[in-house]
Trainee: 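The following block contains the structure, expressed as structure tokens.
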Amino acid sequence: MPDAVIAFLVRRLLGAVALLIVISLVTYGIFFLLPKLAGVSTDDLAARFAGKAPDATTLEAIKERFGLDKPFFVQYGEFMKTLVTGGDYDTGTSTVHCSAPCLGYSFRTNQAVTPQLLQRAPVTLSIAVGAAVLWLLAGVATGVVSALKKGSIFDRAAMIIALAGVSLPIFFTGLLGLAYVVHAWGILPEVNWTPLSQDPAKWFTSLILPWISLALLYAAMYARLTRAGMLETMNEDFVRTARAKGLRESTVVTKHALRATLTPILTVFGLDFGLLLGGAIITEATFGLPGLGRLALDGVNQSDLPVVVGVTITTALFVVLMNLIVDLLYAVVDPRVRLA
Amino acid sequence: MRSSKVISVAAAGAVVLSLGLSACGGGDDSGDGGGGKAKFDAGSKGIVNASDKKGGTLVMAQPDDFESLDPANIYYAYGSDFFRLYSRTLVTYTSKPGEEGTKPSPDLAQGLGTPSDGNKTWTYKLKPGLKYEDGSVIKAQDIKYAVARTFDRGVLRNGPSYFTQMLEAGDYKGPFKDKNLDHFKGVTTPDDSTVVFHLKAPFSEWDQLVMFSGQTVPVPQAKDTGTQYGMHPFSSGPYKWQADYKMKQGGTLVRNTYWDPKTDPNRKALPDKVVVQSGLSADEIDNREIDGTVQIDLPGTGVQAAARQKILSDPKLKANSDDPLAGFHWYMPINTEIVPNVECRKAIVYATNRDALWRAYGGDVGGEMATSIMPADIQGREKGTDAYTKAQVGYTGDVNAAKQSLAKCGKPNGFAVTMLFRSDRPKEQAAAEAMEQALGRVGIKLTLKGYPHGTYTNEQFGSPAFNKKNNVGLGTYGWAPDWPTGYGYLQAGTDGKAIQETGNVNISMLKDPQIDKMWNDVVKVNDPNQRAQIYNQIDQRVRDLAAIIPTVYAKSLLYRSPKLTNVYVHSGYGMYDYANLGVTS
Amino acid sequence: MGAPIEVSGSEAEAQPDAVLAGLERSAIQGRSLGQIAWTRLKRDKVAMASAVFIVLLIIAALPGVTNLLVSWFGSPPDKFHQTLVDPTLGTPYGKFGGVSGHHIFGIEPTNGRDLFARVLYGARVSLIIGVLATLVSVVIGTLLGVAAGFFGGWVDMVIARLMDIFLAFPLIMFAIALSGVLPSSMLGLSGNNLRIAILVFVIGFFAWPYIGRIIRGQTLSLREREFVDAARSMGARNSYILFKELLPNLVAPITVYATLLIPTNILFEAALSFLGVGINPPAPSWGGMLNQATELYSVAPHFVIVPGLAIFVTVLAFNLFGDGLRDALDPRSR
């Protein structure tokens, strides 16, 4: 590996770590401070983790166990320490070791957070990958054709449809799909998570609706981006040169113009996909899918701080990683780009 | 508290422990059932497909998950109904349809508790020959340990706190912090088969308390894993966990060969295997119930809107469904601190549109118009007379009477208060909106405000300070008893002593000397009938004070899979009796 | 880019440079940018139709007009019509959700409230929040974007990182947490006015980086232009360059992206209401109606369709208009 690449990687990794620290600090801070600002007492907070009508003894015991009375930096410090070096968790009868990277134990279910994230990740991953494949294929293809046939009926129609696509909230298309495609017409089965390993056919059919609803939203945006990018690159010198060399138009389009166009699209895709991997909150809420987004949403509603911080950090990690991958891919896709 | 899907989830989420009573009585005590061939609501009245045939696999499903599988850490009815498959308590509910089901029946114990020392000491004798899943003997000391561990409220925090509050145990902190069990004086074990509870004060309904709580399920100290025990509780019942339970995925129960049916009259344990599937979508569970691949929807709060329409409009499906009372009373407390004048409170009750509320909670399938505060089959409960309202379909309130009351209250033009509701419960939102409309007719201006159910009963509506600060005059609420007597139902909500700073249930802030006196007296009365009379008086007094608006006794539409045998609605849980179901293949 | 998770809504950032290019060209031609843009816009039928729709919607959402329309075509938004609803199923009697001469969009399940009135009142909430939140984003985004682009150096670095952090956050979670815990009265506001203020702040605050990034980029490239150099060489102070040279040239891109941000923010508001942290009932909002519809979508699909279409059509109109506006300022993308 050339030195430049290594230096680039090191710099990016350091930046990523710094970003993750800031994000965890902010998340922790927001969820620690918000209740305080809203006048929620530590008793109230403790009551969120107790059963019906908890008595004072119960609240005291819970506060002590979760350290809810401790100052912010003590709580955050302990969290970071456990994350980096692992930690010990007291079950009452014994001590369980949770090795790094340990995101702690849920206040709610007493379960370690990391395995929960791993359990939910396949759901979100399935949603995100399926939808991404759909929207990239549909979006880029439409964009290319639109650009090549600029000004045609197809172009105009495609661009208006694209705008319609971005205007469709997923909780509208989703519910509509459920009402008609699933319930009224019975074309697709109920949306319900089935692991790919358990039953590939079911996995596929029950995810079709979420994929389409989600892809509809993004495909439109990618079609417009592709079209704009193509129009720009088609006028650039290297494309003109390629044409002048007498290459076939199809070669010019795929080998040269499209590759260059893909660069900015990759950037956008990195961020979109990364964020989606961290939990497609609204999609999962609309279809009742048990992914990371639902985990986070439940965590927020139940003040389960370890879970919320866990998902947030994971999301940020995905975004950072995707950005890194995208930057590395640049060099492959676009001959004009060098890592610097 | 159980996290509910943002989407759907019938309003009757399992927030408060349900302990419903079968609606129309008419229970068949004989045990061999009304033999009812499938008829609508037959399961609410008697046993459908009575059978003793063993075998098959029973599949149960749920959208979310249990709060825990550790019986000591369970507070909700469906969890309590379910844990009987792998756990036994000293005393349990009688396994019979109808009112019989609400009565205590000995389980591990030979008989009900023997009180002494003026109801301050309760003694139980264990049956001989009781064994755990590994063949070891169940000892009295294991029950003492089980009770002791619930004193560590940091480790076991979801279960009820009656034992920690009522047992004479000094400042004992639980066996995790204090390993010497001799330091725990609340329970003593003179020998291997005798369990003695020592109370701080007399309490007449101790058997009922032991019956509803999972905290006397024996736990051998060596098998305890603290917060993790719920992943694989050690079985004393007819089934044992095949492997660790997986949250939001499920687990499988197989037969515990050491369980002796001769010691257990309350469990038939017919299927060979019980499979639990967690984390399915609620609509998917309904579909699978109807197509037969799932037989039980665990939470027992009824089917979703889609299935409801399907079932009610298809006579065949309808015949395979039941619509029992679920044990909840959806009522509305009026805060007597915010609206101190009884005339003003009467105005609220007079103006209430009962018909609109009944519709908001789902019409005739969703519930029954409430008269008393105690729901239908609380032992000895009387229907009571309507105070300032009418429990009638079509009754929209008495605007003139309301205006007169307002005038007497000195506020002829009305007043303004805030009304709370659970924002993630569409039915409660509809009810709050109905109140806003109805009270608006007489000039009582309601500002509606919703909060998620996760914090509602503790931090907002259950916090007197919050209500005071935000001028909260009333709100939607639901309550089911811990155990089915007037004490189990009414005490927390009406006794002045029961007011708490967090998780308050006496939301009306009742501190009525008459009511408080009755509560002080009733715990010393040993005759259940006499106690019931007092409970009825309290109920009437609360309504006379216009401190609670009776609203709707919840009903849940349950699909009764034709594959199920020996199926009936158990009044103690307000849903099917999970320990006595059978399944045909 | 992307926008707050899954609430995309516009391709706001598609071509930041293009507008600037259009702007440059117009300067050469010697006619004012406004005139040229207007001429081009007038020719764009789709954009003009959208503009007309938006204007009509705004007029319809004015209190007096709404009341008048509702008195003609519906009934007050909070009035119950329970006799029109089946008490067992909770669904309206009749076809298409109880559509009739009195209720042209049908009625709500359970309570039987008039959907036409509720959609119209909901429009006001959506428009107010969408527009005000955009204003918040534009103010924050412009200030920070210009500061970053103009001063460069460490200022730029700090602001750029700040934007990175915002973009890597699952913002909707924070918006939920934030709107869920704030007190019921503060700053002299209470009830739904406070709720709207909170939503405006939350949405506007979380959406500023999208404007910020564009403005930063624009400022960076403007800073290097001849006319700025000329001003600087004549001894102009920073404040003069900022207010007299840069800001006037940023007005066009700000207008375009603000127009494109409004629909995003309308969707964001709908998403928050859908997740249960919108304005308080009984005041209607589109997302709130869809939230209530989640339990009933299979038995009362019209309850999904009516508010859903309202969101869709409104958002689409803003997007089409914004798109047209950009094209008018940038002929190249046609």
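Within every chain, numbering begins at 1; the chains are lettered A, B, ... in the order of the sequence lines, protein sequences first and strands thereafter. Worth knowing before you read on, the calculation uses all heavy atoms, side chains too, and leaves out hydrogens, waters and symmetry mates.
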Trainee: Once the angle between the rings of A:Y222 and A:Y218 is folded into 0 to 90°, is it parallel (under 30°), tilted (30 to 60°) or perpendicular (over 60°)?
Mentor: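 Aromatic pair A:Y222/A:Y218 classed tilted.
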Trainee: For chain C, which of A:V311, A:V308, A:T312 has the most heavy-atom pairs under 4.5 Å?
Mentor: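 Max contact count across the listed options: A:T312.
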Trainee: Take a 6.0 Å sphere around CZ of A:F154 and say whether it holds more than 12 heavy atoms from other residues, nucleotides or ligands.
Mentor: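 Result for CZ/A:F154: enclosed.
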Trainee: Can you sort out the partners of C:R43 under salt bridge (Lys or Arg N to Asp or Glu O under 4.0 Å), two or more places apart, ordered by chain and number?
Mentor: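 In terms of salt bridge (Lys or Arg N to Asp or Glu O under 4.0 Å), with neighbours along the sequence ignored, C:R43 is linked to no residue.
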Trainee: Heavy-atom distance under 4.5 Å to chain C: side chain of A:A184, backbone, both or neither?
Mentor: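 Contact with chain C is absent: no heavy atom of A:A184 under 4.5 Å.
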Trainee: Quick check on the interface: out of C:V299, C:T314, C:L309, who has the most heavy-atom pairs with chain A under 4.5 Å?
Mentor: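 Option with the greatest count: C:L309.
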Trainee: Rounded at 0.5 Å granularity, tell me how far CG in C:L260 sits from CG in C:N319.
Mentor: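 Reported value, rounded in 0.5 Å steps: 6.0 Å.
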Trainee: Counting heavy-atom pairs under 4.5 Å to chain C, which of A:A18, A:A164, A:G15, A:A316 comes out on top?
Mentor: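 It is A:A164.
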Trainee: Under a 4.5 Å heavy-atom cutoff, which of C:V313, C:I266, C:I165 has the most pairs with chain A?
Mentor: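 It is C:I165.
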Trainee: Where on A:F318 is there a heavy atom nearer than 4.5 Å to chain C: the side chain, the backbone, both, or neither?
Mentor: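 A:F318 has no heavy atom closer than 4.5 Å to chain C.
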Trainee: For the pair A:F171 and C:F274, name the ring-plane relationship: parallel under 30°, tilted 30 to 60°, perpendicular over 60°.
Mentor: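 Rings of A:F171 and C:F274: parallel, as their planes differ by under 30°.
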Trainee: Heavy-atom distances under 4.5 Å only: say whether C:I305 touches chain A with side chain, backbone, both or neither.
Mentor: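 It is both, since atoms from each part get that close.
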Trainee: Please check if the number of heavy atoms outside A:I153 that lie under 6.0 Å from its CD1 is greater than 12.
Mentor: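 Incorrect, the count does not exceed 12.
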Trainee: Under 4.5 Å, heavy atom to heavy atom, which residues of residues 19-29 of chain A contact chain C?
Mentor: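 Under the 4.5 Å heavy-atom cut-off, A:L19, A:V22, A:I23, A:V26, A:T27 qualify.
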Trainee: I'd like to know if the side chain of A:E284 reaches the main chain of A:A280, judged simply by a donor and an acceptor atom lying under 3.5 Å from each other, with no hydrogens or angles considered.
Mentor: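 A pair under 3.5 Å: yes.
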Trainee: Any salt bridge linking A:R294 with A:D298? Criterion: basic side-chain nitrogen under 4.0 Å from a carboxylate oxygen.
Mentor: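 Salt bridge: yes.
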Trainee: Among C:T134, C:L325, C:D323, find the one that has a side chain to side chain contact (heavy atoms under 4.5 Å, CB included) with C:T259.
Mentor: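 It is C:L325; the other options fail the test.
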